[in-house]
Structures are given as structure tokens and as C-alpha cells.
S.K.: 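Supplied in C-alpha cells, the structure appears directly below.
These numbers were taken from a predicted model, which means no experiment stands behind them. We're numbering straight along the sequence, starting at 1. Counting starts at 1 for both ligands and their atoms, in listed order.
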Amino acid sequence: MKVKAAFSLLAVTGSAASLSTVQPAQKPNITVVPNAYIIEFQPDFHPSLQPLQRFAQTPVGVKAGYQLRHEFNSSDIFSGVSVTFHSDVDLESVRKANGVKNAWHVTIVPRPEPYFRNGSPKVLSTRSSTQSTAGSSNTTLPNLRGVSGVNQPLLSANIQKLHDEGIRGKGVQIGIIDSGVDYRHPALGGGFGPGFKIAFGWDFVGDNYTGSNTPMPSPDPLATCPSGGHGTHTLGILAMEDPDDEGFGLIGGAPDATIGAYRILSCLGSGTPNDIIISAMLRAAQDGADVISMSIGIIGDLWEALNPFEPVVTQLAQKGVAVVAAVGNFGPAIYSASIPGICKDALSVGAVENAVYPTHYQAHDEKHRLLDYISVLPFPAKSEQDVFVLGTGLGIPINDTVASGCYQPAWDAAANATVDWSTTILLVSFTDDCGNSWFQAQDLGVSTIMAYLTSEDQLIELDEPENDNPPGTLWLTYNSSKAIVENIKGLSPNETYSLQFVSTASQSQQLIADPLGKFVDSFSSLGPTIEMTMHPKIASPGGTILSTWPLEAGGYAIVSGTSMATPLAAASYALLKSQFPHLTVAQLFDRLKTAASPLPEYNSTIPFTSTLRQGAGMLDVYAAVKADSTISPSEFSLRDSASPPPQNITITNDSKQANHYTISHDPAAFLRAHENYLAGEPNFDTNSAYTPHSVPASAQFSTTKLTLQPGESTTITVHITPQPDKYPYSTPVYSGFIRISSDNNVYSIPYMGLPYSRDAVGPITQNATTTIPYASPQVLSAPGDQQNVFSAKATTPNIDTYHWKANASESIIPFLRIDIGLPSKHILYELVPANTTFVPTIYGFDPSVKIDYQDTPQPILPGFLGVPTYGTIKEYNLTDVRGSSATGFYYFFTSPTLSNNGVTYNITSGDYRPLGRALKWNGNETNPDDYESYLGPVIRADIPADVFPSR
Ligand SMILES: *[C@@H]1O[C@H](CO)[C@@H](O)[C@H](O)[C@H]1NC(C)=O
Ligand SMILES: *[C@@H]1O[C@H](CO)[C@@H](O)[C@H](O)[C@H]1NC(C)=O
Ligand SMILES: *[C@@H]1O[C@H](CO)[C@@H](O)[C@H](O)[C@H]1NC(C)=O
Ligand SMILES: *[C@@H]1O[C@H](CO)[C@@H](O)[C@H](O)[C@H]1NC(C)=O
Ligand SMILES: *[C@@H]1O[C@H](CO)[C@@H](O)[C@H](O)[C@H]1NC(C)=O
């Protein structure tokens, strides 16, 4: 049994919670490679020397004791090195070194692998595949011409009409950075090098790189292992073309483009360092790529300032190389977009569910009632298969819960049943959270699971094949799910249900709509950045996509993710570029964005989903090529303001006739990052489930109708005003579109913003609504061994006493709740002398009440910005890879420990006050007035020196 653990970034399989109840996927932790940094040089710092020699001239490079990781020697794009120091060197000292322009941590970018949010694990079929059309591992590809819907994404993104006109990307070079590619696949050209579809590329890692051992680069990006599936799939979406006698007749977005494949993920390991990815980007540019497709990324704090890809992408765009990157699979929470997608000059791409299931096949029961199921290939069984419903043998009515796998007695009963699993399929229901238990089927010897859906809004997510055995799980469509439940209900006792599989595609020409089709996928990450720049920029089909896969693993797979949306967007750019080779990257992006179609909200009266999920909307590449006007800009990121300034829109009539324009406004959904803030939940600042609201902004235009002569241009203004909002710490974001209709086309400009000024609100959460009386900021008391918010109690006003004991269960400790609800670049929590004269912006006590302080011998330190202190509880700086965005802060004083300059020590008995300071938005770190601060009541500490010796 193989259950892939944890998270993936950009391809999803096996998730399935219903859209309305989906919880955000957990953000993965960022793995920082210790003491390893990417360093960019000042342009005028020894410019004639090679990067390593330049590094040797910097104060940090003069010190011996480092190992070179990479040299970045593209003088006009990015000049620097990455190194690992042999001893501890902190980022700040590297950044401040003479000659260094900027520096970043080397971090591991996780492999875009399937993850299982609430969904199904891989259930690998053990059934022999010799009867399969897929043949043995010496793969003969199927020939399933005429299967419906395989090229639907080309229709949805309006690419097909360009292909029909012969516009297929000829003359454009596309670099793709991924896990390598099985280019032996006939749909991918069958070879590598000049003259082949994949004409250039590089392998930066080799087959055995784990992310921490020595990479084994080679000139050949071939990957034949199943881990090469991701790159083989994305490259297929970009440019595949099945030969006439093999495969499905699949066609990629730009089949005539020339492709460069850059392999940055091996067959092993869970990720690759960001410095290897930067090397790949620079190499792709050097090799002449016009556009780079990157279905990889890392989610972290979304400060633009923390992103080492930023200067690379900016310079690439300046040089005419576009970067198209996945926005990530961490939806539906806001602030979940990935780096490098969030680079200012990148086109980040969100995923839209496929309009139809790309393939589907049929089985019929003994009464010849047909069922449709989703699978890449038809299920190969030639003989009749019995169906065993999970829950059979329990002697109780089988409902969806019993059949889901969540009800353990059903598995026990299945274990006791005498079943020949080689000719029997296990039927399970798919309900939230229960797919995880299906691994138990493997222990029973089950080789095939058939899953039925229990609601229409469940996403069918197929396994990524790891061998060419038939799939372990067959998914019934929603209609067939209802049908099989009815059919089985109608059986008389002791009657068995069996299915005969139809082994050809001939009866499945009909399209089956995916009920979630044409809506933004729930896994697709949402922007914006902390700085409130809109992401994703655009959306493209990425859910339930059929494309190529390594030959030994079957040759084809259906996979979902923003990984799958990205190459189609890169191909779209290539098609547009082939028609407008002289436009800049920004102009081509503007054209794609303004021609895109805004997408509706699923199952809602709100007409459009938030621009934080869809950006400009679904790609319409034909419209972008045929546009009769140029509209600029292509988005309004209105930042944080109750009254954003008027925005200009420039309209140019590029057509040969007079053109009449109508300008209008389409509000889109309003979202809160912390929806649970309003519900009063105690964890009010954690990301919450996706809940769209109708709180439209208004838009006033300088004019709503105008006429332009051929070649004429004009500028109009729009004044967008959001509705005021009472809950700033819930992070409310309004959004919408400005629509500009010409005689022949419809253009739109997406917008979004926060309806208040962050400067005016301040970062420390105040007056929060919660169901427990412990809002922020406050000092609470809690038993030392019960560190959760529910066991904390309000303290007596102004002063309370706390006891630390050897046995934590006997301790009563302070629990600080000082939430930083808005982003802050510098957050500092300390204990300061109880008699401090510091004047905070927020008092946690009545300053007029006189208290006889109990002295402490604890040494007083000078402190930050002249505020005397006993030491630091916790500090966050922008240079920390995590922590300085909007963060909840619960601090349980388990041991009475502080730190100063990296040295930790216990404090002694006596009186203290907690002080929290957070830099305001746009504040200056060295200006005391730019901090919001909370000074708490007296913490009277009773600390046994024998248990907590002070040093
Ligand atoms: C991240 O780290 C924290 C603390 O070590 C842990 O509790 C959490 O589960 C980790 N998250 C993931 C996604 O691995
Ligand atoms: C496929 O078959 C050929 C000829 O029998 C053999 O040389 C080759 O190694 C096989 N390839 C694989 C991947 O099994
Ligand atoms: C990679 O690992 C495999 C299995 O351990 C081994 O057979 C192979 O020789 C290794 N390849 C290289 C290039 O080291
Ligand atoms: C399904 O059956 C189980 C077991 O009998 C029962 O506990 C559960 O309440 C039932 N659920 C529904 C929705 O009827
Ligand atoms: C399975 O069989 C064992 C042994 O006969 C029996 O003790 C147990 O109750 C059975 N379990 C179920 C769920 O039928």
C-alpha cells in the first residue's frame, strides 16, 4: 500500500471534499537549507570579475569556509552566487555586506506531488494488466481515437479556433522547468535535440538527486520514472500531438512551438532547492526561450520582498522572456499563492475545472442498465465482475456513511466475507474525509475499488499512475453514482450485483459534463500578496486534464492542479507571441488578461468569483489574438484604502473602422481571509473556509460611452469605492471587473483591494469578537500542562500572580494573546520592568492604579529603541522566512525563559510587564512612533530558582 503523505504543491489527486465545505489545505513548512544563501551583487561591484571572484571580494566571502553551490553568471539578468557557509552566518549580515545587493535563504521548493486533502489514497491495482490495451511495460500505447472530450481545454481556452487557422506556435521557443520528460513518447516527438519537438534543455539533477545529496547534471532531460510523470504531463499540455495511429488524438496548446525541457526534480526526493530553479530559468533564457512555463512553487509568507525569484523574473521580462507560473494548490484560503507565481512580472495561473470529463467508459449490469465511469483507459476485465458494497454482511441498512470507509465495522465485515477479489470490485461511497481509510482495501486483497459520488460538487481525482496496471479506483459519474445506489437497492436478498465492462470507447462518444466544470477549482490558490498585488493573474483549465505520462507508467494520465493550468497559459502566450512578435512581455500579458472572460461563482447568486481566485478570468486566446482594441492597464491592485484614487484606463482603437465603446462595472465576490473572525471562533485569525459575499464596490466613470476613430486613443477614469467594513482584522477583500465593450469584443480589467487603510487601523488586533472572553490583546492564566486557549482564564485586572513548578501540571503560567492581525515587518514581544515609563498605544491595565512592585534582581538591558527590557520573548523580522505576515500569537510561558542576542536564560521571581510592539504598515523600523504597542498588566512571577536556575 502506498499512501503519499503530506502535501504537494501543484498537482492534486485524491481530494474531494465538497466545494462549499472545503477547508484550506495546510500550508507546508518551508525547509530552509541552513547557512545557505542566494546572493545578488551590486552591479558596480567588481563587474569585470566572475561571480565567484566577486563573492570572494565581499566581507562575507573573504572569510574562508564556504562551499559554492551555483554561480549565476547572466550579467544582464542576474549576477550572483549561492553558497553554503561552513559555520553559522545569518541572512542579515550577508544582506548588509559590502557589494551585496540582496540575499535570500536557499529553501527547498517541494515536489509538485499528489496530496490527499480529505481524499482517497492511491489504491494500486494488483490485477494483471496483460489483457489491457495498454500492454506490458514495453508499452504499446492504446489507440482510442474518437474518445470524446480529450481536447476540451483547447475549446475552453478558445485555442482550437487558432489551431484551425494554422496558428500553432511555430517559431516560438518555450522553456519548461519541471521533473524531466519522457520524450520517447510518440506524442512528444520520440526524441530529443535539434530537429525534434523538444530541441533543447538540460538536466540539473540526474535520477538520484534527493534535494540534499550531490546533483548529477547531464545534457539530457529524459525522465522515465513515474516521478517524471509531472513533467511529462505538463509538457504534453504545452505541445503534445498524438500520432494518427496511437493514443487519443491529443493536442497540446502550441504543438508547433520548439520546446526546451529543464529538469530540476529527479526520480527521488521531496523537492529541489530554489537556487537550482533559478539556474534553470537563466539557462532557459540563454538558450533562447521566449517564455518559461513553471508548474512549481513554494508557498510561504507572501511578502514580495522575500522572494529571490523577483529580480530574476523582472530582468527576464525586461529581456523579453515571459515567466508563466502556477499560483499553487492551497486554495480556497486567501493569501495562499506561491512563489515564483507571485513575482510582479510573472503571469500566475489559477486552475479551472475541465468542462467535461476527458474520457469515460461504460459498464452494464445484468439488466443492461449502463453506468458511466471515469478512467484514463477502459477497465480491462473481460469477464463479469461481482460488486461487493462496503458494509455488506453487517446486517444493517447500508447508507453512504457505512459504505464510505469511515465506519470501521464495515471493513471488519468485509474482512470476514468470503470473496474472490480477483473477480470482485469493492464499491465504496465518497464522502468527505473517508477516502483516507480506503487503504484498508489493500489489506483485504481488493484489486479494484469503484467509488460513487454522494454529491454533485465532488471533484473526481484520479491517481497518478505509477505502473501500467489498470487504475485501482474507478469513479462513477454523479448520475451513475445515483443509478448504482438505486440499482443495488432494488435487488432482492441474496441477489448479487455484477457488471460487465465495455472494453472499447466506441459507445462513449457523448460528452459528459463535469458538474464543477468551468468553475475555478477549489484547490487553486488565492492571492493577493501581503503587499496587496493581485494573483493569480489569469485562469486556465487545470482540473481533470488528460495528457501524456511516462511510457512505462502507461503513457497517459488524468491529473489536476494549477500545474496543469500553467502550461496551457504558457502555450497561449506562445500563440499570441507568434502573431505579435514585437510586443513586450507586459503588452502580451495585458492582451491575454484584458481578453479573458470573468468566471462565475459556483452555486451562488454572486455573478463572478473573486478576482483573487481567477485574476482576469478564463483565457480566451482567440479573442486576445483578434482583439480590435488595446486596453491598458490590465488590472487594478487598489491596495489598502477606504477611498482609492481614480484610475486611468487607456483605450486604443486598433481596428480599421470607427469603434463604439460602452464602459460598465461587474462587481465580483467579496472575501474575508479570516471568515471565522465574524463567527466569534476562538481561533479567529486562522484561515477559514471559502465563503463568498455580495458586498459590491461602486464605480463611477468619467464617461460610459465613447467612439474612437481607427488608430485613435483616449484615456478615461474610473473611481472605484468599496463599502466600509467593520472587521478589519478579518482581512476583507472586495473585487470586481471593469468591462469595456467594443463593437466586436468585450474586454475587462479585474480589480481588488482592502476597504480601509492599514496605516489607520494598526497591526495589533483589538476588540475581536470571540465566543470565549479572551480576545486580543490580553494576558491570561493557564495550567502549565494545558496549553490551549480553552483552558486559559481571564486574570485579575492590573496584576496577577503566576507560579512555575517542577511539575507543569502544578504550574499556573501566563498565556499571552497579542494577535498581529495585519501584516507587520517587525514584531517584538518582551518582558519589561513593571515600573516602565514606556507609553504604549494600547494599555492592558489601568495606569492610574498604584501597585507596590516586587523588585527582581533580573538585569535590565538597554532594549530596542531605548525601551529598557529584561529580554525578548519572540521577535519576527521580514528576513525571517516565516512569521512576519498576519499571525496569530499565543504564547504559553511554559518555562520563564527570555532571550537576548540569541542567548536564552531564565528570569527570577518578581514583577514584569509584557510588551508587544508591531511596526505599522509603511512604518519606519527605527521610528518609535511607527509602532503600535501593547503594555500588559503586571505578571508577578513566583519562580523556584532550584527548578529554573538563572544563569
Ligand atoms: C509544520 O511544523 C509544525 C511545527 O513543527 C507542525 O506542527 C506542522 O504539522 C508542520 N506542518 C506541515 C504541513 O508539515
Ligand atoms: C522493449 O522490448 C525491447 C525488445 O524486446 C527491449 O529491447 C526493450 O528493452 C524493452 N523495453 C522495455 C522498457 O522494457
Ligand atoms: C541511481 O541509483 C540507482 C539505484 O540505487 C543506481 O542503480 C544507479 O546507478 C544510480 N545512478 C547514478 C547515476 O548514480
Ligand atoms: C448510517 O448508518 C449508520 C450505521 O447504522 C448510522 O450510525 C448512521 O446514523 C446512518 N446515517 C444516516 C445519515 O442515516
Ligand atoms: C469476524 O469473524 C470473527 C471470527 O469468526 C468474529 O469474532 C467477528 O465478530 C466477525 N466480525 C464481524 C464484523 O463480522
S.K.: Does atom 14 (O) of ligand 3 have any protein heavy atom closer than 4.0 Å?
M.R.: yes
S.K.: Relative to the ring of Tyr66, is the ring of Phe85 parallel (under 30°), tilted (30 to 60°) or perpendicular (over 60°)?
M.R.: perpendicular
S.K.: Can the ring centroids of Trp475 and Tyr357 be said to lie less than 6.0 angstrom from one another?
M.R.: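 No.
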S.K.: Between Arg184 and Asp182, is there a salt bridge with N-O shorter than 4.0 Å?
M.R.: yes
S.K.: What closest approach, in Å, do Pro51 and Gly80 show between heavy atoms, and which atom pair accounts for it?
M.R.: CB-O, 3.3 Å
S.K.: Check whether any protein heavy atom sits under 4.0 Å from atom 2 (O) of ligand 4.
M.R.: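 Yes, there is one.
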S.K.: Under 4.0 Å from a heavy atom of Asn399: which atoms of ligand 4 are those, numbered in the order shown and with their elements?
M.R.: 1 (C), 2 (O), 3 (C), 8 (C), 10 (C), 11 (N), 12 (C), 14 (O)
S.K.: Please examine the side chains of Ser82 and Phe72, heavy atoms only from C-beta on, and report whether any two atoms are closer than 4.5 Å.
M.R.: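 The answer is yes, as the side chains (C-beta and beyond) meet within the 4.5 Å cut-off.
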S.K.: Give the atoms of ligand 4, by number and element, whose distance to some non-hydrogen atom of Ile396 is under 4.0 Å.
M.R.: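 Counting atoms of ligand 4 from 1, those under 4.0 Å from Ile396 are 4 (C), 5 (O).
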S.K.: Check Ile292 against Met281 and note the closest heavy-atom contact, atom names and distance.
M.R.: CD1-O, 3.6 Å
S.K.: Show which atoms of ligand 4 fall inside a sub-4.0 Å distance from at least one heavy-atom site of Val402.
M.R.: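 Contacts of ligand 4 toward Val402, numbered from 1: 2 (O), 3 (C), 4 (C).
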S.K.: Yes or no, since that's all I need: does a protein heavy atom fall within a distance strictly under 4.0 Å of atom 7 (O) of ligand 4?
M.R.: no
S.K.: What protein heavy atom lies closest to atom 4 (C) of ligand 3? Include the residue and the distance to one decimal.
M.R.: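 Checking every protein heavy atom, the shortest distance to atom 4 (C) of ligand 3 gives Asn208 ND2, 4.6 Å.
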